[in-house]
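This report concerns only the one structure given below.
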2 protein chains.
Amino acid sequence: MPEFLDLHGRTSKAVRAVAEAAVRRHGLHLGQDHLLAVLWQEDGRTPGEVAAALNVTTANVVKAATRMTAAGLLTRRRDDRDNRLVRLWLTDAGRALQEPVERERRLIEESITADLSPAEREQLMSALTKIHRSATAMLTTPADQSTPATP
Amino acid sequence: MPEFLDLHGRTSKAVRAVAEAAVRRHGLHLGQDHLLAVLWQEDGRTPGEVAAALNVTTANVVKAATRMTAAGLLTRRRDDRDNRLVRLWLTDAGRALQEPVERERRLIEESITADLSPAEREQLMSALTKIHRSATAMLTTPADQSTPATP
DNA sequence: CCTCGATCATTAACCGGTAAACGACCTGAG
DNA sequence: CTCAGGTCGTTTACCGGTTAATGATCGAGG
């Protein structure tokens, strides 16, 4: 029922669907492009490092890495010095996706914000930043709804 | 990398996490509250009707309904006149959640938008509406990125 | 009356995401 | 040197979401 949560949820789903469709044209699933983006920036990171960079659990990265390894995008290799660690390396196929995927992502960004004036876009980013800050604060500070305002 | 998509994704995840934590305090999972909301409005709907109201697949509603039936929130019963149809009925437990869940959802809406002035809030809703419209349009009209502007 | 197509719900197989349990490995204190 | 505790990755079991295949039922035409 609440206005913002409802609109945000529907918008979020629609945006997600657009990104999903776009990335699927390159044989990827949504989320896999984020994992690739981290490795495009720097190769040979561990699942834990990738998870931290993506703000996701390590288990999630492991599962995705398994699928992407099977798909020929990644290579797994244990670290020689510390045998607990596993390092993820891009294959040529995984590296080849960088340019087209990043380009498409830029196009989506443009198309999806095309109806907004520069001022509107600026205000939207500002507002979303505030929402993001509030939300993350509410996650670490549980259930302060008894004191909504700080006098 | 794109500014908006990145910020939107992170914000979306944070907001989702807040809603998840809130609804979990009442023994629900995120999404189940939406299903309940439809039934709170009117009881005895079919999975297909609920799915259409939530903009979700019927299969998803069926799965959720199965779990919620096991949790004692719902009751399944086949329609007498048309035996293909199944109607979902709230139990007392399911109906009892309406007031606390809706109240908490309102509180979250307030808390999460507390840093925004009324004007900012208005602009945010307007911008999100435009984003939503663009995104849904891009879903039905695939790959018009070769003609970004309509001259 | 009977069949054939449309309309339902359901199931199974995938995804991304999570939390929890597990096991292998390193490291530092004794 | 040993061993206890911390740090990893992996596995398993959920949840919400999807698509595709299956199955039961209704309804209309012949």
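Just so it is clear: chains get the letters A, B, ... in the order the sequence lines come, proteins before strands, and each one is counted from 1.
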(message) Looking at dG16(C), I'd like to know if its phosphate oxygens (OP1 or OP2) sit under 4.0 Å from a side-chain N or O belonging to Q32(A).
(response)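 Checking dG16(C) against Q32(A), a side-chain N or O does come within under 4.0 Å of OP1 or OP2.
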(request) May I ask you to evaluate whether N60(A) reaches the phosphate of dG16(C), defined as a side-chain N or O under 4.0 Å from OP1 or OP2? (result)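 It does not, given that no N or O in the side chain of N60(A) lies less than 4.0 Å from OP1 or OP2 of dG16(C).
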(request) Give a yes or no on whether R95(A) atom CZ has more than 12 heavy-atom contacts from other residues, nucleotides or ligands under 6.0 Å away. (result)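 Above 12, so yes.
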(message) Check this for me: R10(A), atom CZ, are more than 12 non-hydrogen atoms of other residues, nucleotides or ligands nearer than 6.0 Å?
(response)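 It does: R10(A) CZ has more than 12 such atoms within range.
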(message) Using a strict threshold of under 4.0 Å (side-chain N to carboxylate O), is an ion pair present between R106(A) and E110(A)?
(response)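 So E110(A) does not pair with R106(A) through a salt bridge.
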(request) With the side chain counted from C-beta on, respond yes when V56(A) and K13(B) share a heavy-atom pair under 4.5 Å apart, and no when they do not. (result)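 Yes, close enough: below the 4.5 Å cut-off.
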(request) Could you check if a side-chain atom of V38(B) sits within less than 4.5 angstrom of a side-chain atom of L35(B), using non-hydrogen atoms only? (result)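 Not touching, per the 4.5 Å side-chain cut-off.
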Rounding to an integer number of Å, can you tell me how far [X] [atom1] sits from [N] [atom2]?
{"X": "K63(A)", "N": "dC14(C)", "atom1": "NZ", "atom2": "C1'", "value": "10 Å"}
{"X": "E20(A)", "N": "dC14(C)", "atom1": "CD", "atom2": "P", "value": "17 Å"}
{"X": "H34(A)", "N": "dC15(C)", "atom1": "NE2", "atom2": "P", "value": "17 Å"}
{"X": "R10(B)", "N": "dG17(C)", "atom1": "CZ", "atom2": "C1'", "value": "18 Å"}

(request) Please test L74(B) against L36(B) for side chain to side chain contact (heavy atoms under 4.5 Å, CB included), starting from the C-alpha separation and ending with a verdict. (result) CA-CA 9 Å; L74(B) 256 50; L36(B) 284 179; 3.9 Å; yes
(request) Look up atom CD in E20(B) and atom CG in L28(B), then write down how far apart they are to the nearest 0.5 Å. (result)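 If I round to the nearest 0.5 Å, the distance is 10.0 Å.
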(message) Quick check for you: to the nearest 0.5 Å, what is the distance between L39(B) atom CG and R87(B) atom CZ?
(response)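 Here the rounded value is 11.5 Å.
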(message) Going 5' to 3' along DNA chain D, between which two nucleotides do contacts with chain B fall, using a heavy-atom cut-off of 4.0 Å?
(response)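 Contact boundaries, 5' end first: dC15(D) to dC26(D).
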(request) For DNA chain D, determine which residues of residues 43-58 of chain A have any heavy atom closer than 4.0 angstrom to one of its atoms, and list them numerically. (result)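 By residue number: T46(A), P47(A), G48(A), T58(A).
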(request) Output yes when a side-chain donor or acceptor of D43(A) lies under 3.5 Å from a complementary backbone atom of L90(A), and no otherwise. (result)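 Between the backbone of L90(A) and the side chain of D43(A) there is a qualifying donor-acceptor contact (under 3.5 Å).
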Under 3.5 Å, N/O pairs linking protein and nucleotides 1-4 of chain C:
none

(message) Against F4(B), only a single residue in L116(A), I108(A), I112(A) fulfils side-chain contact (heavy atoms from CB on, under 4.5 Å); can you say which?
(response)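 Option passing the side-chain contact (heavy atoms from CB on, under 4.5 Å) with F4(B): I112(A).
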(request) Could you walk me through whether R105(A) and L5(B) pass the side chain to side chain contact (heavy atoms under 4.5 Å, CB included) test, one step at a time? (result) CA-CA 8 Å; R105(A) 206 168 162 80; L5(B) 285 180; 3.9 Å; yes
Distances for protein N or O near nucleotides 25-27 of chain C N or O, under 3.5 Å:
residue: dC26(C); atom: OP1; partner: N83(A); partner atom: N; Å: 2.8

(request) For R76(A), answer base if it contacts any base atom (sugar-phosphate contacts may also be present), sugar-phosphate if it contacts only those atoms, and nothing otherwise; contact means non-hydrogen atoms under 4.0 Å. (result)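 Sugar-phosphate, backbone atoms only, no base.
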(message) Using a heavy-atom cut-off of 4.0 Å across all strands, would you classify V62(A) as base, sugar-phosphate, or nothing?
(response)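 It contacts base atoms.
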(request) Give the C-alpha distance, both sets of side-chain angles, the deciding distance and a yes or no for side chain to side chain contact (heavy atoms under 4.5 Å, CB included) between Q32(B) and V23(B). (result) CA-CA 9 Å; Q32(B) 298 186 347; V23(B) 85; over 6 Å; no
(request) Could you note down all residue pairs passing side chain to side chain donor-acceptor pair (under 3.5 Å) where residues 60-71 of chain A supplies at least one of them, sequence neighbours left out? (result)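 Applying side chain to side chain donor-acceptor pair (under 3.5 Å) to every pair that reaches into residues 60-71 of chain A, excluding sequence neighbours, yields T66(A)-R76(A).
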(request) Starting from the 5' end of DNA chain C, give me the residue, L30(A) or A59(A), whose nearest nucleotide shows up first. (result)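 Between the two, 5'-proximity favours L30(A).
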Can I get a per-line list of side-chain donor-acceptor pairs under 3.5 Å for residues 117-124 of chain B, giving both atom names and the distance, sequence neighbours left out?
residue: S117(B); atom: OG; partner: E120(B); partner atom: N; Å: 3.1
residue: E120(B); atom: OE1; partner: K130(A); partner atom: NZ; Å: 3.3
residue: E120(B); atom: OE1; partner: S117(B); partner atom: N; Å: 2.8
residue: E120(B); atom: OE2; partner: K130(A); partner atom: NZ; Å: 2.8
residue: R121(B); atom: NH2; partner: E109(B); partner atom: OE2; Å: 2.9

